[in-house]
Protein chains: 2
Amino acid sequence: MSNDEHIYQQILKAIVEHQLPPGARLPEDRLSEAFGVSRTGVRKVLQRLALEHFVIIEKNKGAHVNRPSEAEASEVLDSRILIEPQLIPALLNHWDLTQSKRFRSMAKEEKQAEAANQLAKSIQLTARFHYELANVSGNQVLARFIEQLCYRSSLILAAYGTRGSVGCECGDHTQLLDLLDEKKSDQAQDWMRHHLQHIKSSLILDSTTDDNIDFQQLFTH
Amino acid sequence: MSNDEHIYQQILKAIVEHQLPPGARLPEDRLSEAFGVSRTGVRKVLQRLALEHFVIIEKNKGAHVNRPSEAEASEVLDSRILIEPQLIPALLNHWDLTQSKRFRSMAKEEKQAEAANQLAKSIQLTARFHYELANVSGNQVLARFIEQLCYRSSLILAAYGTRGSVGCECGDHTQLLDLLDEKKSDQAQDWMRHHLQHIKSSLILDSTTDDNIDFQQLFTH
DNA sequence: TTCCTATAAACTGTATACAATATTTTTTAT
DNA sequence: ATAAAAAATATTGTATACAGTTTATAGGAA
């Protein structure tokens, strides 16, 4: 793996696993020192992360971890709800025992991570289950897009997730695998739709943001 | 518009409108001279274009305009076929006379550009019709993705399009607008699906690439 | 104290320098 | 004349320098 890619993966992982919370500043000096490269290298990575909506870069103010708006959160989930179920027919064309076993082992790992309260690992595996599944459909272009949306969803959970959100998201992926094994395309699609809808409704999207609190309403009763 | 954004738009335009054909090299010196900035600025833009699949950057070899593989071409069109029709229900929620007029004037401009054989303008307007339509659906995340896919489609046309492809792609967008005005959601979705399918099948995806010609088969008859 | 202002420190934006790699041209031997 | 080898040129990758901007700190007046 190239050096840039390594730095990219490290920072993305830290953001997605909520080590770097939304709003956290990312000074180029500190990062270049941490990774042992010049600012040139980290700037490149930060610009990529900005294009992918994981960080925001403001002119002369540098980069900070994105705090997704409610609209963004909603749209990312809606996009997944629209696309992921649609991938299932193509996915079933490539579905076989090997795939089934692979995903079952992933689902098992997920449950273990969740049981052991390993938040970071749990988040990582949940996202991975979805985008690896998208990948089986065979359309790389869509799979890459879904991968991005899964990572963005992890970031959204950091901002709007309830305590049990990640566990919720797990739901139980083995249910889906059962339907896939039985080639029940329509039911699998419905399951996926409801699964994602469930995640979306577990978010707290009630337009009370930190920096825009209506004190008048809050203290007048 | 920031300076970077200006350079980005200029180069993207040149690629999408087939001024810079697939395979064309993009030396940083030449570009920085042309735009009157240092290499730093153009590198940033080239890296963005690479992430978006408009150019390919090879280590120590620099950037050249991407020549999409057949698989990529096929997947980009398939992605549009999957998503764009699905956007129509949401789109109809925001559809009114103002929108209708706006798009009819765009469709008219398209026809004129095509009639006048203005290839570049024609390509630009055809892509724009689609991604502006996606934008009306209200989901910015999906709309931005569709915008990318539309531009990539233009690049794909440069590589695999037949002479009449661009004209073909125009089909007649006013037909769709008629269906939208009548709120015929299902028919509009079908129209969109067939429209995109038509564009896809107009491409020449027959695995005979320039650098892999089977001379044996070609001259043995 | 609290607020405003001035100064200092930290940080980003852009250009440039230099080393490493690739490409082209020239030279040399067969 | 052709092909291989060597030198010269061009191009990219990375670090660094410096100017411009923002943010933090300190000092002084109400």
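In the text below, chain A, chain B and the rest are named by the order of the sequence lines, each starting its count at 1. Computation of the quantities below employed the complete heavy-atom set of this structure, encompassing side-chain atoms and omitting hydrogens, waters and symmetry-equivalent molecules.
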Visitor: What's the spacing between A/Ile123 CD1 and A/Arg128 CZ if we round to 0.5 Å?
Guide: 15.5 Å
Visitor: Under 6.0 Å from the six-membered ring centre of A/Phe54 and within 45° of its axis: does the NZ or CZ of A/Arg152 meet both?
Guide: no
Visitor: Could you tell me from which nucleotide to which nucleotide of DNA chain D, 5' to 3', there is an atom under 4.0 Å from chain B heavy atoms?
Guide: D/dT11 to D/dT14
Visitor: Write down the distance between CG (B/Asn60) and P (C/dA20), rounded to a whole number of angstrom.
Guide: 12 Å
Visitor: Checking A/Arg48 against A/Glu5 for the salt bridge (charged side-chain N to carboxylate O under 4.0 Å, His left out) test, could you report, in this order, the C-alpha distance in whole Å, the side-chain angles of both residues, the deciding distance, and whether it holds?
Guide: CA-CA 11 Å; A/Arg48 173 172 175 189; A/Glu5 187 66 19; 3.2 Å; yes
Visitor: OP1 or OP2 of C/dT12 sitting under 4.0 Å from any side-chain N/O of B/Lys44?
Guide: no
Visitor: Does a side-chain N or O from A/Arg39 land closer than 4.0 Å to OP1 or OP2 of C/dC11, or not?
Guide: no
Visitor: Tell me whether the OP1 or OP2 atom of C/dT12 has a side-chain N or O from A/Arg43 closer than 4.0 Å.
Guide: no
Visitor: Just the rounded figure in Å: distance from P of C/dA10 to CG of A/Leu26.
Guide: 19 Å
Visitor: Between B/Lys59 and A/Arg25, which is nearer to the 5' end of DNA chain D once each is assigned its nearest nucleotide?
Guide: B/Lys59
Visitor: Check B/Ser79 against A/Val141 and note the closest heavy-atom contact, atom names and distance.
Guide: OG-CG1, 3.8 Å
Visitor: Does the pair B/Phe129 and B/Leu133 meet the rule for a side-chain contact (heavy atoms from CB on, under 4.5 Å), with working shown?
Guide: CA-CA 6 Å; B/Phe129 184 92; B/Leu133 211 54; 3.9 Å; yes
